[in-house]
There are 2 protein chains.
Amino acid sequence: MNTHNYNVIYKGDCLKYLSDISLLPDKSVDLIVTSPPYADKRKDSYGGVHPEKYVEWFLPISKQLKRILKNNGSFILNIKEHPLNGERQTYVIELILELKKQGWLWVEEYCWYKKNSFPGKWPNRFRDSWERCLHFAKQNDIKMYQEAVKIPIGDWAEKRFKSMSDNDFIRHASGNNRHLGRKVANWLNKRKVFPHNVLGFEKEHYNFPSNVLNFATECSNKNHSAVFPLELPSWFIKLFTSKDDIVLDPFMGSGTTAIACILLERKFIGMEMVDEYVKEIKKNINKVNKELDKNIVYKIKQ
Amino acid sequence: MNTHNYNVIYKGDCLKYLSDISLLPDKSVDLIVTSPPYADKRKDSYGGVHPEKYVEWFLPISKQLKRILKNNGSFILNIKEHPLNGERQTYVIELILELKKQGWLWVEEYCWYKKNSFPGKWPNRFRDSWERCLHFAKQNDIKMYQEAVKIPIGDWAEKRFKSMSDNDFIRHASGNNRHLGRKVANWLNKRKVFPHNVLGFEKEHYNFPSNVLNFATECSNKNHSAVFPLELPSWFIKLFTSKDDIVLDPFMGSGTTAIACILLERKFIGMEMVDEYVKEIKKNINKVNKELDKNIVYKIKQ
DNA sequence: GTTCCGCATGAATCGATAG
DNA sequence: ACTATCGATTCATGCGGAA
């Protein structure tokens with residue numbers, strides 16, 4: 001793929017571009033990560049896809065995605081069905097079955113646990129604080145950089161030391177290494193910083209994560225109705241790609257995936273049909289370029 | 001339903017008893033909460049149900065459950081599909097679709113987040129730390145006591161719990177019964193099950209929960225080997241029933257649901273086909289009766 | 001009477017080896 | 001070719017003995 005074909009936003013219906021072999025050749029993309037419009041939601045911006053038409057609307061898109069994805073690549077689909085008439089709708093689980101018929105392997109279902117989800121309760125349910133991140137692949141043997149997403153032992157980041165006594169803390173930190181425990185104890189009294197930066201914290205003090213992801217939702221982004229925090233695509237990008245790999249997001253929204261790619265030094269390709277969002281993407285990329293003193297060249301195409 | 005028909009464990013295949021109208025009349029049960037054997041798991045004790053036969057195996061059971069459940073009752077199904085040949089199996093989502101065809105409403109999917117899940121990582125996945133708790137109902141308007149499962153508010157509550165010694169807690173939880181030992185404190189699961197009873201906790205310090213439940217699995221607790229932790233059925237029992245309501249668990253295992261019912265003053269009905277587990281249930285109920293100085297009369301029937 | 005620490009273990013999963 | 005068994009891997013938790 002030549003340099004004209006990445007760091008691009010295509011303006012318009014994604015299916016048109018995804019079907020164009022000259023723009024997106026077979027097996028040319030390392031990761032697809034996207035959060036498509038949910039059925040019957042966001043009517044104002046996307047016109048809304050009817051729940052009963054959702055699967056048939058999505059399948060031609062996923063067919064092209066399968067063509068475009070490299071054989072050892074991954075496809076992450078962030079989605080959650082909303083309740084309708086007191087019931088969870090079934091189009092997502094029907095979609096899983098249809099994607100399998102299309103030849104995709106359903107590798108995993110990650111649970112994105114949104115701690116600060118929108119509050120509320122209803123007569124037969126509480127607030128919905130998790131979404132599905134469905135992981136599909138073309139073959140069993142996929143690229144996966146598990147070391148890249150290791151987390152501090154004992155989930156410190158989440159607790160932020162608040163609930164842990166110093167003794168507990170030292171015990172977690174040291175394991176059977178008493179010397180380190182003391183070091184950490186000393187450090188504890190001086191500064192409270194994110195543990196990645198702590199002297200004496202090496203790789204062996206990190207654990208692998210699980211299939212439950214704990215990222216907060218972003219509340220500040222009012223211009224795009226799908227809240228997709230930077231951490232979410234970032235996590236999957238780190239897990240499934242390496243530097244300069246190519247990441248595709250056919251429903252870019254306000255460009256979170258593109259921003260994540262810039263920050264992580266990956267190439268992005270995106271589609272977005274709503275003018276307002278495309279403007280938003282430009283604004284966001286320019287802002288990142290400026291603030292990080294980067295000069296990522298990108299194009300908007302139509 | 002007369003008193004002979006509750007606080008009973010039926011020994012044998014649950015479908016036999018579930019089909020008996022004289023034992024389990026129509027619309028006679030307030031809540032069904034169960035964790036059936038997962039496909040191809042627990043082969044030693046249950047023989048294992050093949051993934052491809054799972055749905056057809058379960059449907060006759062769920063048909064009877066629908067007959068037995070009160071119209072405003074709930075059915076909670078705890079299950080998780082395991083990977084096979086690198087893919088998540090599909091029998092659970094197929095089961096959801098079939099249960100809907102059977103007339104069930106799929107109200108909600110609760111996510112049980114098990115922080116202490118079995119460790120491990122593999123070439124294409126991390127460890128599985130969540131299970132589905134599928135909520136089905138017969139009608140839109142269901143019984144739901146949302147106040148009963150309110151949870152302590154954030155940091156304040158955590159600090160409060162941490163600063164409270166086990167002894168304080170046991171005293172509060174047990175009232176004036178000094179014979180309650182440490183083991184019983186664990187049974188009651190001091191910090192999670194009954195926070196309402198703790199001195200200093202008033203209503204304004206509680207929030208409503210979400211559809212993500214955070215309970216640890218019980219791993220090396222030899223006092224009662226439970227497949228699901230006491231908190232899990234307890235939470236749903238508090239949420240969907242009131243005192244003296246009737247709770248059914250067609251796959252009792254070691255009797256966790258029965259224990260939860262005794263602690264929460266509900267009536268239980270259960271089935272279990274493995275002799276070893278039935279013995280375990282008896283042992284566990286007797287122990288609770290003794291340690292809590294209760295005298296719950298129950299019967300094992302065959 | 002406490003607190004601390006060692007250690008076993010749990011509805012796990014994969015890939016290699018054996019029958 | 002297909003199934004069965006086994007070893008290596010991995011971590012939060014609670015029990016029980018030690019300090």
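Please read these numbers as outputs of a predicted model, since none were measured by experiment. Computed over heavy atoms, backbone and side chain alike; hydrogens, waters and symmetry mates excluded. In what follows, chains carry the letters A, B, and so on, assigned in the order in which the sequence lines appear, proteins first and then strands, with residues in each chain numbered from 1.
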B/Arg88 CZ - C/dT13 P separation (whole Å): 6 Å
Within 6.0 Å of NZ in B/Lys282, more than 12 heavy atoms from elsewhere: no
Whole-Å gap separating C1' (C/dA11) and CG (B/Leu232): 13 Å
Test side chain to side chain contact (heavy atoms under 4.5 Å, CB included) applied to B/Leu77 and B/Ile96, B/Leu95, B/Val33, B/Ile32, the passing residue: B/Leu95
Separation of D/dC2 C1' from B/His50 NE2 (nearest whole Å): 12 Å
Gap between atoms CZ and P, on B/Arg127 and D/dT13 respectively (whole Å): 10 Å
Gap between atoms CD and P, on B/Glu131 and C/dA12 respectively (whole Å): 9 Å
Distance, nearest 0.5 Å, that separates CD of B/Glu109 from SG of A/Cys111: 9.0 Å
Modelled atom types, side-chain donor and acceptor of A/Glu81 and A/Thr90, under 3.5 Å: no
Length of the CG-C1' vector between A/Asn140 and C/dT13, whole Å: 12 Å
For DNA chain D, stems built from three or more consecutive Watson-Crick or G-U wobble pairs below 3.5 Å: C:2-10 with D:11-19, C:12-19 with D:2-9
Shortest non-hydrogen separation from B/His82 to B/Arg88 and the atoms involved: CA-NH1, 3.9 Å
A/Phe208 CZ to D/dC11 C1', straight-line distance once rounded to whole Å: 12 Å
Within the 6.0 Å centroid threshold, strictly below: B/Phe236 and B/His135: no
